[in-house]
Enquirer: 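First, the structure itself, so that you have it in front of you.
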Amino acid sequence: MCYKSPIRDIINRKVTVITIKTIKINKNDAGQRADKFITKMFPQLPQSMMYKAFRQKDIKIGGKRCDISTRLCEGDILTIYIKDELLEERKEREFQYDFLRASSTLDVAYEDENILIADKKPGLIVHQDESYQTDTLIARIQRYLYEKGEYSPDSEQSFAPALVNRIDRNTGGLVIAAKNSASLRILNEKMKTRQIHKTYLCIVCGKLAKKEDTLTGYLEKNESQNRVYIDKKPGKNSKTIITKYRVIAEQPKHSLLEVELLTGRTHQIRAHLASIGHPLLGDGKYGTNKNNRGTGFSKQALYSCKLIFDFTSDADILNYLNGLEVKAAKVPFAESFMSSSETRIL
């Protein structure tokens with residue numbers, strides 16, 4: 001809850017209205033750095049002014065000075081002394097409920113009190129993009145949780161259910177969402193430290209000489225083109241990528257692969273396999289129209305089909321997830337490939 005108390009200082013015949021903003025930290029605010037929380041609460045507040053307020057002791061916890069890196073605890077009372085017009089709160093009510101404009105269609109592969117794993121279909125974006133689409137995966141998840149009574153923007157100050165991983169619009173598969181801030185922090189760390197393993201299925205053009213291999217390359221992202229480039233040698237701005245694959249089955253012109261990401265970079269599977277001469281079927285960005293023409297694939301044949309939680313360090317409230325394996329119920333292009341009379345299973 002927030003309370004305002006104006007203090008008027010008359011300086012050179014000008015009236016400056018200072019607001020004392022008092023905020024009680026709730027469960028989903030706890031654990032954040034003080035500066036990160038304030039940025040979410042008050043996006044109109046310039047960063048320079050916020051940091052100046054910290055230096056001048058105008059931001060306090062429990063009446064005592066706090067630093068930008070101070071971690072908030074549930075029940076803390078955060079007090080901010082700053083100009084009134086700079087403390088406009090983060091969202092107008094109407095925008096907080098934009099998720100209700102999203103579709104109610106959602107395939108849930110796994111759910112408990114802390115997390116939800118959705119099976120996203122190709123064509124659906126995971127977050128809003130520059131075109132401000134309201135029907136996104138995260139909006140569908142938020143609507144689903146709202147309608148279950150597990151999420152309400154009115155009761156939150158800085159948190160909304162959020163995605164832990166993401167996949168491209170035209171890629172299908174499993175995406176993890178956190179229902180509370182503690183789970184989000186833990187899973188972000190587990191994803192970063194490779195303690196959650198992701199397996200994909202894909203169809204590539206041609207037959208691979210090596211039926212199983214671990215590829216290493218160097219990826220550089222071009223933001224303006226929204227694509228990446230792979231080289232065999234490291235460059236100034238490149239990042240190392242490691243992609244492990246195994247051929248499951250073959251047809252005369254195509255192969256079905258199981259792929260494990262040992263690093264997680266933008267378009268990694270698509271670009272890495274294309275760089276060795278085997279682009280994904282249906283991939284218009286890294287493949288060619290010649291390879292895709294007449295195949296019936298307008299989107300890349302790529303699906304995030306399995307997640308394994310393999311914690312090697314403490315996961316606090318999520319320790320119970322260790323060892324959990326979640327699989328997509330169905331990967332249509334893989335089933336079709338395996339059932340074809342042209343297919344040779346390896």
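Here, residue 1 is the first one in the sequence, and each next residue gets the next number.
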Enquirer: Output yes when a side-chain donor or acceptor of Y51 lies under 3.5 Å from a complementary backbone atom of D35, and no otherwise.
Expert: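 Checked: no pair found.
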Enquirer: Compare every heavy atom of R140 with every heavy atom of S103, then report the nearest pair and how far apart it is.
Expert: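 Looking at all heavy atoms of both residues, the closest pair is O-CG, 3.2 Å.
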Enquirer: Please report the closest heavy-atom contact between R194 and G264, naming both atoms and the distance.
Expert: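 Where R194 meets G264 most closely, the heavy atoms are NH1-N, 3.7 Å.
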Enquirer: Quick one: does L281's side chain get under 4.5 Å of F333's, heavy atoms only?
Expert: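 They are not in contact (no side-chain heavy atoms under 4.5 Å apart), so the answer is no.
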Enquirer: I'd like to know if R101 and D135 make a salt bridge, using a cut-off of under 4.0 Å between side-chain N and carboxylate O.
Expert: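 Not counted as a salt bridge, because no side-chain N and carboxylate O are separated by less than 4.0 Å.
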Enquirer: Is the positively charged end of K190 above the ring of F311, judged by distance under 6.0 angstrom from the centroid and angle within 45° of the axis?
Expert: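 That pair qualifies as a cation-pi contact.
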Enquirer: Can you measure from CD1 (I241) to CD1 (I269) and round to the nearest 0.5 angstrom?
Expert: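 Interatomic distance, I241 CD1 to I269 CD1, rounded to 0.5 Å: 10.0 Å.
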Enquirer: Apply side-chain contact (heavy atoms from CB on, under 4.5 Å) to residues V228 and Y286 and explain how you reach the verdict.
Expert: CA-CA 9 Å; V228 301; Y286 298 100; 3.4 Å; yes
Enquirer: Between D76 and R71, which heavy-atom pair has the shortest distance, and what is it?
Expert: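 Reported closest heavy-atom pair: OD2-O, 4.4 Å.
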Enquirer: Is there side-chain contact between F337 and H254, with heavy atoms separated by less than 4.5 Å?
Expert: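 In contact.
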Enquirer: Would R227 pass as a cation-pi partner of Y229, given that its NZ or CZ must be under 6.0 Å from the six-membered ring centre and within 45 degrees of the axis?
Expert: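 The answer is yes, since R227 meets both limits relative to Y229.
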Enquirer: May I ask you to say whether K27 pairs ionically with D29, meaning some side-chain N is under 4.0 Å from a carboxylate O?
Expert: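 No, this pair does not count.
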Enquirer: Quick one: which residue pairs count as a side-chain hydrogen bond (donor to acceptor under 3.5 Å, both in side chains) with a foot in residues 268-281, not counting sequence neighbours?
Expert: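 Checked against side-chain hydrogen bond (donor to acceptor under 3.5 Å, both in side chains) - neighbours excluded - the pairs reaching residues 268-281 are D168-R270, T243-Q268, T243-H272, T263-Q268, R270-D283.
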Enquirer: I'd like to check D58 versus M49 (side-chain heavy atoms, cut-off strictly below 4.5 Å). Are they in contact?
Expert: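 Counting from C-beta outward, D58 and M49 never come under 4.5 Å.
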Enquirer: Apply side-chain contact (heavy atoms from CB on, under 4.5 Å) to the pair T343 and L256, showing each step before the final yes or no.
Expert: CA-CA 10 Å; T343 300; L256 178 65; over 6 Å; no
Enquirer: Might you confirm whether atom NZ of K211 has over 12 heavy atoms from other residues, nucleotides or ligands at distances under 6.0 Å?
Expert: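 Correct, the count exceeds 12.
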Enquirer: Is it true that V247 and L261 fall in one hydrophobic cluster, defined by side-chain heavy atoms closer than 4.5 Å?
Expert: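 Yes, because V247 and L261 connect within a single hydrophobic cluster, where side-chain heavy atoms sit under 4.5 Å apart.
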Enquirer: Within the side chain of K221, is there an N or O that forms a donor-acceptor pair under 3.5 Å with the backbone of N237?
Expert: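 No: the side chain of K221 does not pair with the backbone of N237.
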Enquirer: How far does CG of L321 sit from CG of D310, to the nearest 0.5 angstrom?
Expert: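 Atom-to-atom, L321:CG and D310:CG are 12.5 Å apart.
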Enquirer: Which atom names give the shortest non-hydrogen contact between F54 and C66, and what distance separates them?
Expert: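 So the minimum-distance heavy-atom pair works out to CD2-O, 3.4 Å.
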Enquirer: Between CD1 of I80 and CE of M41, what distance do you get to the nearest 0.5 Å?
Expert: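 One finds 7.5 Å between CD1 of I80 and CE of M41.
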Enquirer: Run the side-chain contact (heavy atoms from CB on, under 4.5 Å) test on L273 and L215 for me, step by step, so that the C-alpha distance in whole Å, both residues' side-chain angles and the decisive distance to 0.1 Å come before the verdict.
Expert: CA-CA 9 Å; L273 290 171; L215 308 173; 4.2 Å; yes
Enquirer: Is it the case that atom NZ in K207 sees more than 12 heavy atoms from other parts of the structure closer than 6.0 Å?
Expert: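 More than 12 within 6.0 Å, yes.
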Enquirer: What I'd like to find out is whether the side chain of D67 reaches to under 4.5 Å of the side chain of R65, using heavy atoms alone.
Expert: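 Answer yes - side chains close enough.
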Enquirer: Would you name the heavy atoms of I23 and Q157 that are closest together and state the gap between them?
Expert: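 In terms of heavy atoms, the two residues are closest at CG2-OE1, 3.2 Å.
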Enquirer: Are R143 and E147 within salt-bridge range, i.e. N to O under 4.0 Å?
Expert: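 The answer is yes: the pair qualifies as a salt bridge.
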Enquirer: Short question: side chain of S339, backbone of E335 - any donor-acceptor pair under 3.5 Å?
Expert: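 Yes; at least one donor-acceptor contact below 3.5 Å.
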Enquirer: With a 4.5 Å limit on heavy-atom distance, are the side chains of D314 and N319 in contact?
Expert: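 Sidechains of N319 and D314: in contact.
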Enquirer: If hydrophobic clusters are built by linking Ile, Leu, Val, Met, Phe, Trp and Tyr wherever their side-chain heavy atoms come under 4.5 Å apart, do L324 and I317 end up in the same one?
Expert: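 Yes; I317 is reachable from L324 via cluster members.
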Enquirer: Is the NZ atom of K233 crowded by more than 12 outside heavy atoms at less than 6.0 Å?
Expert: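 Atom NZ in K233 is not packed in, count stays at 12 or less.
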Enquirer: Would you say that E111 contacts E150 through its side chain, given a criterion of any heavy-atom pair below 4.5 Å between the two side chains?
Expert: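 The answer is yes, as the side chains (C-beta and beyond) meet within the 4.5 Å cut-off.
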Enquirer: Applying side chain to side chain donor-acceptor pair (under 3.5 Å), run through S181 and Q32 and close with a yes or a no.
Expert: CA-CA 9 Å; S181 62; Q32 297 182 74; over 6 Å; no
Enquirer: In plain terms, say whether K253 and E342 are close enough for a salt bridge, that is, a side-chain N and a carboxylate O under 4.0 Å apart.
Expert: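 A salt bridge is absent here (no side-chain N lies under 4.0 Å from a carboxylate O).
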Enquirer: If you round to the nearest 0.5 Å, how far is OG of S69 from CZ of R33?
Expert: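 The OG atom of S69 is 5.5 Å from CZ of R33, to the nearest 0.5 Å.
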Enquirer: Indicate yes or no for a side-chain donor-acceptor contact from E325 to the backbone of K306 under 3.5 Å, with no hydrogens or angles considered.
Expert: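 The answer is no, because no donor-acceptor pair under 3.5 Å joins these two groups.
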Enquirer: For the pair S238 (side chain) and P234 (backbone), establish whether a donor and an acceptor sit closer than 3.5 Å, ignoring hydrogens and angles.
Expert: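 Here the side-chain-to-backbone pair does not exist.
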Enquirer: Taking the side chain as everything from C-beta on, heavy atoms only, tell me whether T136 gets closer than 4.5 Å to I141.
Expert: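 Heavy-atom side-chain distance check fails, nothing below 4.5 Å.
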Enquirer: Are L280 and I230 in one and the same hydrophobic cluster, where Ile, Leu, Val, Met, Phe, Trp and Tyr link if side-chain heavy atoms are under 4.5 Å apart?
Expert: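 L280 and I230: separate clusters.
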Enquirer: Do F99 and Y97 have their ring centres less than 6.0 Å from each other?
Expert: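 Yes, the ring of F99 comes within the 6.0 Å limit of the ring of Y97, centre to centre.
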Enquirer: Apply side chain to side chain donor-acceptor pair (under 3.5 Å) to T199 and E260, showing your working.
Expert: CA-CA 5 Å; T199 302; E260 183 181 353; 5.4 Å; no
Enquirer: Could you state the interatomic distance from CG (L78) to NZ (K60), rounded to the nearest 0.5 Å?
Expert: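 That separation rounds to 11.5 Å.
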Enquirer: Please say whether more than 12 non-hydrogen atoms of neighbouring residues, nucleotides or ligands are located less than 6.0 Å from NZ in K327.
Expert: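 No, NZ of K327 has 12 or fewer neighbouring heavy atoms, counting only those of other groups under 6.0 Å.
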Enquirer: Does I176 belong to the same Ile/Leu/Val/Met/Phe/Trp/Tyr cluster as Y110, with side-chain heavy atoms less than 4.5 Å apart forming each link?
Expert: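 Linked, I176 and Y110 end up in one cluster.
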Enquirer: Hey, quick one: are L302 and I248 part of the same hydrophobic cluster, counting side-chain heavy atoms closer than 4.5 Å, chains of contacts allowed?
Expert: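 Shared cluster, no.
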Enquirer: Does a side-chain heavy-atom distance below 4.5 Å link F309 with L318?
Expert: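 SC-SC contact between F309 and L318 ruled out.
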Enquirer: If I take atom CD1 from residue I203 and atom CG from residue L201, how far apart are they, to the nearest 0.5 angstrom?
Expert: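 Answer rounded to 0.5 Å: 9.0 Å.
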Enquirer: Show, in sequence, the C-alpha distance, side-chain angles and deciding distance for Y151 and E156, and conclude whether the side-chain contact (heavy atoms from CB on, under 4.5 Å) test is met.
Expert: CA-CA 9 Å; Y151 167 57; E156 298 293 345; 4.2 Å; yes
Enquirer: Can you name the nearest heavy-atom pair linking G173 to I167, along with the distance?
Expert: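 Looking at all heavy atoms of both residues, the shortest contact is N-CD1, 3.7 Å.
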Enquirer: Look only at the side chain of N292 and the backbone of N289, and say whether a donor-acceptor pair between them is shorter than 3.5 Å.
Expert: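 Side chain of N292 to backbone of N289, a donor-acceptor pair under 3.5 Å: no, none is there.
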Enquirer: Check this for me, if you would: do R246 and E258 make a salt bridge, where the nitrogen-to-carboxylate-oxygen distance has to be below 4.0 angstrom?
Expert: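 Judged by the 4.0 Å cut-off on N to carboxylate O distance, R246 and E258 do form a salt bridge.
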